[in-house]
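Here is the structure we will look at.
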Amino acid sequence: MNQKASGILLDISYSSGEQEESLITLFVKTSEGIQRFVDPAFRPYLYLTAKNPRKVMEYLNAHPFPDGSRIIGTETVTKSSHENAVKVVFRNTVELSNNRPALKKIDGVLRLFESDILYPKRFLLDHRLSPLNEVEVEFTENNGRKEIHSIASEPGGPLQLNLLAFDLETLAPGRFSDPSQDPILTIGVAATGVESVVFTYGKGFEGQKNVKVCSDEKETIEAFISFVQEFAPDGIVTYNGDSFDFPYLKTRCEKYGLKLGVGHGKSEPSQKKISIFNAQKLRGVQHVDAFQIVKFLARMAVITSPKLDLESVVKHVFGFEKEKLPVESINEIWNSRKNTERLIQYNREDTEFTLKLANQFLPLFIELGRITQQTLFDATRSTSSVNVESIMMQEALARGALIPTKPSSEEAEERNQSPIQGGYVREPVQGLHERIAVLDFRSLYPSIIISHNISPETLNCPHASCVKGSNQAPEENTWFCEQEKGLIPSVLARVLEKRIEVKKKMKAEKDPLQINALNAQQHVLKILLNSSYGALIYPRFRWYCRECGQAATAWGRHYVKKVMEEAEQNGFRTLYGDTDSAMLQVPAEKEKKDIEAFVERINAKLTGSMELEFKGFYRRGLFVSKKSGGAAKKKYALMGFDGKMEVVGFESVRRDWAILVKELQRKVLEAVLAEGDPQKALEEVRRTVKRLQEGKVSKKELVIMTQLRRQTQNYQAIGPHVAAVRKAESEGKKFSTGSLIEFIITRSGKSISDRARLSESVKEGDYDSDYYIHHQVLPAVEKIFEELGYRKEDLLHGGKQSSLFSFEGH
DNA sequence: TAATTCGCTAGACCGA
DNA sequence: TCGGTCTAGCGAA
């Protein structure tokens, strides 16, 4: 008897043994909890192209592979992209992947396709199923196994998941916690719709609310596991659970012979390698590591906090100053059993904010998962190229084209050797300017790709009319088909249209939950659009196309130069431009509407989806000179008519400069641009210099942050941050690559690196004032004062004003 | 084995 | 000790 069920598709996995058939398993959140379905009929397969498909099929059906296994079926198929394609079906994924080399060697086989698509992804693609969407399943129950007959998904609206966040505090006796020796002290749990609980053990917690006190660590872990099992969450949230909380908990469980059964059916977490790091995966239940989310958002410039630890991110996102309990205090509280409520509060807050972060950003990843056919687990750990690849795969399937395999390492390496030319950056007109209009192209590269039909299959097409046609890239010997729309332009056009549609819907919507979901959707579409060009020239991308990338940037340079040229012809002066933008000086006799009219005229001439936008009109702008002379590119400050200042590229927006200097530079820029008092700004500089000299500047203002991007022994040139870390390493401290190093230049040592020390091991007042004056303060402000006619000497001493007004002369 | 290229700057490094 | 070159990091787009 056929039965039906519906719910949210949460997870997909498969089992594959050497001897048995691979089996797809789906986990669906239904009204009766998470249910498990299998599809015994679905088999893994790949495609090959052959000179003579029949011959290859005959051969395959008659001969086993060297490992003794046999294919279970072949079929000729018609594909729009290639002729003579054959589908080859395998019993399981192991046999498929093991026999790819043998298959390639068979006489008459030209190429393999889709042989590296993971089995669950294959299933989702073929069934047009998206995780996190609503699915309808038709199934029969067989020996307790729910076997799928049919399954289909529908786009879903806002999705409310039952989440449970947890966070561990562990003992760190004078070193980093080691799960093989150091116990877990507390486990904080926060979950949707219930009050947070902290699990702990021992004395000193009497009378504290929502604290579950056990007799020992083992019992604490058991109580935690039972709590999770009873709550039965759809997702478990951590902050860095991939590399800390889950592995730690696992090791402690092993010590006590406990099963960390927090997945579906009390299954335990397993390690899954994702590119270069290990993630902790649960079956059915989605492990969301909020730290991975934050890293993704930092790459997309949605989160701009330089440090990504929970405290910094919470401050950045929620504006809340969370207390950070130092490890020494944790140890002390634990050992003395005094002030235990501080430890509890700290753990509770960490856990609650971890959940809050997930709630804040999950809608984005839910939409990403839906659009790119990934589970929440994968979507939150995904990369740009995988996301773009995913929507291209869907398009390839829809148009019956074969999906190319990923390039081999050698191919990728070779592609790496020939970088392509990027955008055009115009040298700015140095100095202080009035009335500046900023114009830029909306999604420049995607809109060029769409408008000029740039795609691997349309490149240098053989149609006679295209060969000598009008769609040739400027200064390049490449052209693109004008008759058939390419795969990449089709995808991007759809994404662009969809985004416009979603934004429209959003405007009309009243329900805040709906608006939130729609906003997440349009944001995901924007992210996909923005990363599409990068993917195209990423050496490991399936649809990598060097000529396509080269053509896109060639058109980009062409269009942006054209705008500057026409602007000049229309009475504007081009001050600067970078890749997709032009900054124009607007003469006094022109108004805002003249700029708008100019933009309109340009847009009337632009084809397809290309569009120039009028981004803003500014009262004043400043371009300074480079140290080596000439005007500096990618470095400017603008002042709006509303008094708001935008600083780009200057030291004050860089994390590797001391806060003292960054704040000072902003003040100086303000003074210059707001037509304030440069003399006041000068006083400010002198005051700062004096404070430095008198030793009055606090550590906090002097810290310089730099990322440690490799292990210390792998550096050729030992910069200050590496030197500081090496000193700390010799004292037994450990550092991982990617961590932010906070250091201060002290007085003891010869070279700058010799004098660099980790901020945490420097006493207040121990800093090299000469270094901060001559290597930080002055370089950051002198170029700005230079534009006002001041010289470097004027900054330090005397009240020289003679040259103050001299800039009016030139 | 995390999308790209363009550009600036600091400070080490190295040979004269 | 100097000045040029190289390594490294970060930001703009």
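Residue numbering restarts at 1 for every chain, and letters A, B, ... go by the order of the sequence lines.
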Donor-acceptor contact below 3.5 Å, side chain [X] vs main chain [Y]:
{"X": "A:Asp578", "Y": "A:Val425", "result": "no"}
{"X": "A:Arg100", "Y": "A:Ser115", "result": "yes"}
{"X": "A:Gln417", "Y": "A:Glu413", "result": "yes"}
{"X": "A:Gln776", "Y": "A:Ala658", "result": "yes"}

Exercise. May I ask you to decide if the ring planes of A:His452 and A:Trp555 are parallel, tilted or perpendicular, using 30° and 60° as cut-offs?
Key: parallel
Self-check item: Geometric class of the A:Phe617/A:Phe614 ring pair [parallel <30°, tilted 30-60°, perpendicular >60°]
Solution: tilted
Taking the minimum atom-to-atom distance to the side chain of [X], which one of [options] wins?
{"X": "A:Tyr771", "options": "B:dA10, B:dA12, B:dT1", "answer": "B:dA10"}
{"X": "A:Val653", "options": "B:dT1, C:dG11, C:dA8", "answer": "C:dG11"}
{"X": "A:Asp578", "options": "B:dC13, C:dA12, B:dT9", "answer": "C:dA12"}
{"X": "A:Thr706", "options": "B:dA12, C:dG9, B:dT9", "answer": "C:dG9"}
{"X": "A:Trp657", "options": "C:dG9, C:dA13, B:dA10", "answer": "B:dA10"}
{"X": "A:Asp580", "options": "C:dG9, C:dA13, B:dG11", "answer": "C:dA13"}
{"X": "A:Ala632", "options": "B:dG11, B:dC8, B:dA10", "answer": "B:dC8"}

[X] near the nucleic acid: base, sugar-phosphate alone, or nothing, with a heavy-atom cut-off under 4.0 Å?
{"X": "A:Arg710", "result": "sugar-phosphate"}
{"X": "A:Arg709", "result": "base"}
{"X": "A:Ser753", "result": "sugar-phosphate"}
{"X": "A:Tyr576", "result": "nothing"}
{"X": "A:Val722", "result": "nothing"}

Using a cut-off of strictly less than 4.0 Å, decide whether [X] has a side-chain nitrogen or oxygen near OP1 or OP2 of [N].
{"X": "A:Arg655", "N": "C:dC10", "result": "yes"}
{"X": "A:Gln716", "N": "B:dA12", "result": "no"}
{"X": "A:Tyr636", "N": "C:dA13", "result": "yes"}

Between [atom2] of [N] and [atom1] of [X], the distance in whole Å:
{"X": "A:His775", "N": "B:dG11", "atom1": "NE2", "atom2": "C1'", "answer": "9 Å"}
{"X": "A:Gln711", "N": "C:dA8", "atom1": "CD", "atom2": "C1'", "answer": "17 Å"}
{"X": "A:His721", "N": "C:dT7", "atom1": "NE2", "atom2": "C1'", "answer": "11 Å"}
{"X": "A:Tyr715", "N": "C:dC6", "atom1": "OH", "atom2": "C1'", "answer": "15 Å"}
{"X": "A:Lys626", "N": "B:dG7", "atom1": "NZ", "atom2": "P", "answer": "9 Å"}
{"X": "A:Ile718", "N": "C:dC6", "atom1": "CD1", "atom2": "C1'", "answer": "14 Å"}
{"X": "A:Leu778", "N": "B:dT9", "atom1": "CG", "atom2": "P", "answer": "15 Å"}
{"X": "A:Leu118", "N": "B:dT1", "atom1": "CG", "atom2": "P", "answer": "18 Å"}

Practice problem: Go through A:Phe296 and A:Phe361 one step at a time and tell me if the ring pair (Phe, Tyr, Trp, His ring centres under 6.0 Å) criterion holds. | Solution: CA-CA 11 Å; A:Phe296 181 96; A:Phe361 294 114; over 10 Å; no
Practice problem: Please test A:Arg542 against A:Asp116 for salt bridge (Lys or Arg N to Asp or Glu O under 4.0 Å), starting from the C-alpha separation and ending with a verdict. | Solution: CA-CA 11 Å; A:Arg542 287 180 196 266; A:Asp116 55 356; 2.8 Å; yes
Distances under 3.5 Å between protein N/O atoms and the N/O atoms of nucleotides 3-6 of chain B, please, pair by pair.
| from | atom 1 | to | atom 2 | distance (Å) |
| --- | --- | --- | --- | --- |
| B:dA3 | OP1 | A:Ser384 | N | 3.4 |
| B:dA3 | OP2 | A:Ser385 | OG | 3.3 |
| B:dT5 | O3' | A:Ile420 | O | 3.4 |
| B:dT5 | O3' | A:Gly422 | N | 3.0 |
| B:dC6 | OP1 | A:Gly422 | N | 3.1 |

